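Computed from a predicted structure; not experimentally measured.
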Amino acid sequence: RRPPRSTLFPYTTLFRSTCVNIFMKRFPLILSLFLCPVSLWAQFNINAVLPKADNAKLIKYTGFQVLFDTVNCLPVCSAYLITKYEIAKPVTDIGKAEFMNDASVPCTHAEDYKDSIYLPGLLTPAIDMRYSEKAEHDCFFITNTCPQRHAFNAGILERLERQTRAWVTKYDSLIVITGPVISSCEHKNKLNIPKQFYKIIYSVKYNRGIAFLLNVELPIGSIYRFDMSVQQLNDAIHLAYFSGTKYARRRAFLDREFWN
């Protein structure tokens, strides 16, 4: 015989309350699964668009990964996927961070920059990782940096990074890849100094890409002076980004109207 409703009331109320609490805690994850399935797909397949490079070691950090050349002791690139939902999250700021050595890569050290006119410029910018304190913290591993002059770092490179964040908000999710042109390096003291840097930005949702090849001696001017297709960049730096056949047409095509 079923107990009276009044007897069941406290238990049904507790059950409902528990279910609501669980749902609300998991709601952001559930929402993200529906709102950005393409972004989640790309997050698990970002390795597929990176090049195969000799003597390169893939290092995975929270939120991004670095393909590191252990012979030239420089990153080939630093790559991550960012969504507009992560950009829109409340900012977490770890404050002034110290650069850290990565024990898995013994050939480069933060101490190498002591008394140098060059600063360790971040390839994956910490501001893009502020949706996670751990991700922002990991940006300051020295393996995510290259020697740069302040004028370049705070000039055209910063403007391109700001524009990238604007594109994220507009286009939902982007794969962002940044690296030095290792063949352009000049060795000074303990540092390999790149004379050129590149950045690839790829819209996951709209299947369009753009690349930039920046000269450190030209830190001013419009970013569009240096834009090109991904294929043109591949030819210039002798690496093969987005090499799969499904990317072939988009790799060679630059839709300037889309990116402007």
Checklist entry - When you check the side-chain N and O atoms of T178 and K199, is any donor under 3.5 Å from an acceptor? => result yes
Checklist entry - Any idea which heavy atoms bring L174 and S203 closest together, and the distance? => result CD2-CA, 3.6 Å
Checklist entry - Is the shortest heavy-atom distance from the side chain of I142 to the side chain of Y113 under 4.5 Å? => result yes
Next on the checklist: Are the side chains of T145 and F99 in contact, using a 4.5 Å heavy-atom criterion?
Outcome noted: yes
Next on the checklist: Tell me whether W167 contacts the main-chain N or O of W259 through its side chain, where contact means a donor paired with an acceptor under 3.5 Å.
Outcome noted: yes
Item to check | Separation of D235 CG from S229 OG (nearest 0.5 Å) | outcome: 7.5 Å
Checklist entry - Donor-acceptor pair, K57 side chain versus S104 backbone, under 3.5 Å? => result yes
Next on the checklist: Show, in sequence, the C-alpha distance, side-chain angles and deciding distance for F64 and M129, and conclude whether the side chain to side chain contact (heavy atoms under 4.5 Å, CB included) test is met.
Outcome noted: CA-CA 9 Å; F64 68 101; M129 298 290 112; 4.2 Å; yes
Checklist entry - Between H187 and N189, is there a donor-acceptor pair closer than 3.5 Å when you use the side chain of the first and the backbone of the second? => result yes
Next on the checklist: Check whether E136 reaches the backbone of E133 with its side chain - one donor and one acceptor, N or O, closer than 3.5 Å.
Outcome noted: no
Checklist entry - With P180, which of P147, P194, C77 fulfils side chain to side chain contact (heavy atoms under 4.5 Å, CB included)? => result P194
Next on the checklist: Would a single hydrophobic cluster contain both I59 and V71, if residues Ile, Leu, Val, Met, Phe, Trp and Tyr are joined by side-chain heavy-atom contacts under 4.5 Å?
Outcome noted: no
Item to check | Distance-only donor-acceptor check, side chains D102 and Y61, under 3.5 Å | outcome: yes
Checklist outcome for this item: d(L191 CG, I117 CD1) to nearest 0.5 Å is 10.0 Å
Checklist entry - Are F253 and L233 in one and the same hydrophobic cluster, where Ile, Leu, Val, Met, Phe, Trp and Tyr link if side-chain heavy atoms are under 4.5 Å apart? => result no
Checklist entry - Does Y241 have its ring centroid less than 6.0 Å away from the ring centroid of Y198? => result yes
Checklist entry - How far does SG of C146 sit from CG of L119, to the nearest 0.5 angstrom? => result 11.0 Å
Item to check | Minimum heavy-atom distance L213-I237, with the two atoms named | outcome: CD1-CG2, 4.3 Å
Next on the checklist: Whether the side chain of R165 engages the backbone of Q163 through a donor-acceptor N/O pair (distance < 3.5 Å, no angle test) should be reported.
Outcome noted: no
Next on the checklist: Can you confirm whether or not the ring centre of F226 sits under 6.0 Å from the ring centre of F212?
Outcome noted: no
Checklist entry - Do the side chains of Y85 and Y131 get nearer than 4.5 Å, heavy atoms only? => result no
Checklist entry - Relative to Y118, does R149 satisfy both conditions: NZ or CZ under 6.0 angstrom from the six-membered ring centre, and within 45 degrees of the ring's axis? => result yes
Checklist entry - Ignoring hydrogens and geometry, is there a side-chain-to-backbone donor-acceptor pair from E86 to T83 under 3.5 Å? => result yes
Checklist entry - Counting only heavy atoms not in D54, do more than 12 sit closer than 6.0 Å to its CG atom? => result no
Checklist entry - Is I127 reachable from I177 through a run of I, L, V, M, F, W or Y residues, each pair having side-chain heavy atoms under 4.5 Å apart? => result no
Checklist entry - How long is the gap from OG1 on T164 to CD on E161, to the nearest 0.5 Å? => result 7.0 Å
Next on the checklist: Determine whether V216 and L157 satisfy the following criterion, side chain to side chain contact (heavy atoms under 4.5 Å, CB included), listing intermediate values before the conclusion.
Outcome noted: CA-CA 9 Å; V216 298; L157 184 60; over 6 Å; no
Checklist entry - Within 45° of the six-membered ring axis of F242 and under 6.0 Å from that ring's centre, is NZ or CZ of R251 located there? => result no
Checklist entry - Looking at N72 and D69, what are the two nearest heavy atoms and their distance? => result ND2-OD2, 2.8 Å
Next on the checklist: Keeping N192 on the side-chain end and C73 on the backbone end, is there a donor-acceptor pair under 3.5 Å?
Outcome noted: no
Next on the checklist: Quick one: does any side-chain atom of D138 pair with a main-chain N or O of T62 as donor and acceptor, under 3.5 Å?
Outcome noted: yes
Next on the checklist: Tell me whether D255 at atom CG has more than 12 heavy atoms from other residues, nucleotides or ligands lying less than 6.0 Å away.
Outcome noted: yes
Checklist entry - Where do I87 and I82 land on the side chain to side chain contact (heavy atoms under 4.5 Å, CB included) test, with the steps shown first? => result CA-CA 7 Å; I87 288 287; I82 189 74; 3.9 Å; yes
Checklist entry - With a 4.5 Å limit on heavy-atom distance, are the side chains of F152 and E217 in contact? => result no
Item to check | Main-chain N/O of N144 paired with S78 side-chain donor or acceptor, under 3.5 Å | outcome: no
Checklist entry - Under the 3.5 angstrom rule, does the side chain of R159 hit a backbone N or O of G221 as a donor-acceptor pair? => result yes
Checklist entry - Does the side chain of Q196 come under 3.5 Å of the side chain of N215 through a donor N or O and an acceptor N or O? => result no
Next on the checklist: Taking the six-membered ring for Trp, are Y171 and F258 closer than 6.0 Å centroid to centroid?
Outcome noted: yes
Checklist entry - Is a side-chain donor-acceptor pair under 3.5 Å present for H109 with N101? => result no
Checklist outcome for this item: In terms of heavy-atom contacts, C107 and F68 come closest through SG-CE2, 3.8 Å
Checklist outcome for this item: Tightest non-hydrogen contact, residues K190 and D112, listed as CD-OD1, 3.5 Å
Checklist entry - Looking at side-chain heavy atoms only, is the closest gap between Y224 and N260 below 4.5 Å? => result yes
Checklist entry - So do D227 and I223 actually touch side chain to side chain, heavy atoms under 4.5 Å? => result no
Checklist entry - To the nearest 0.5 Å, what is the distance between NZ (K52) and CG (L67)? => result 12.5 Å
Next on the checklist: If you define the side chain from C-beta out and look only at heavy atoms, does anything of P125 sit under 4.5 Å from Y80?
Outcome noted: yes
Checklist entry - Do L254 and I210 touch side chain to side chain, with heavy atoms closer than 4.5 Å? => result yes
Item to check | Over all atoms of both residues, closest heavy-atom pair of F140 and A126 | outcome: CE1-CB, 3.7 Å
Checklist outcome for this item: Interatomic distance, OG@S173 vs OH@Y206, rounded to 0.5 Å, equals 9.5 Å
Checklist entry - Going by atom types alone, do N47 and Q65 pair a side-chain donor with an acceptor below 3.5 Å? => result yes
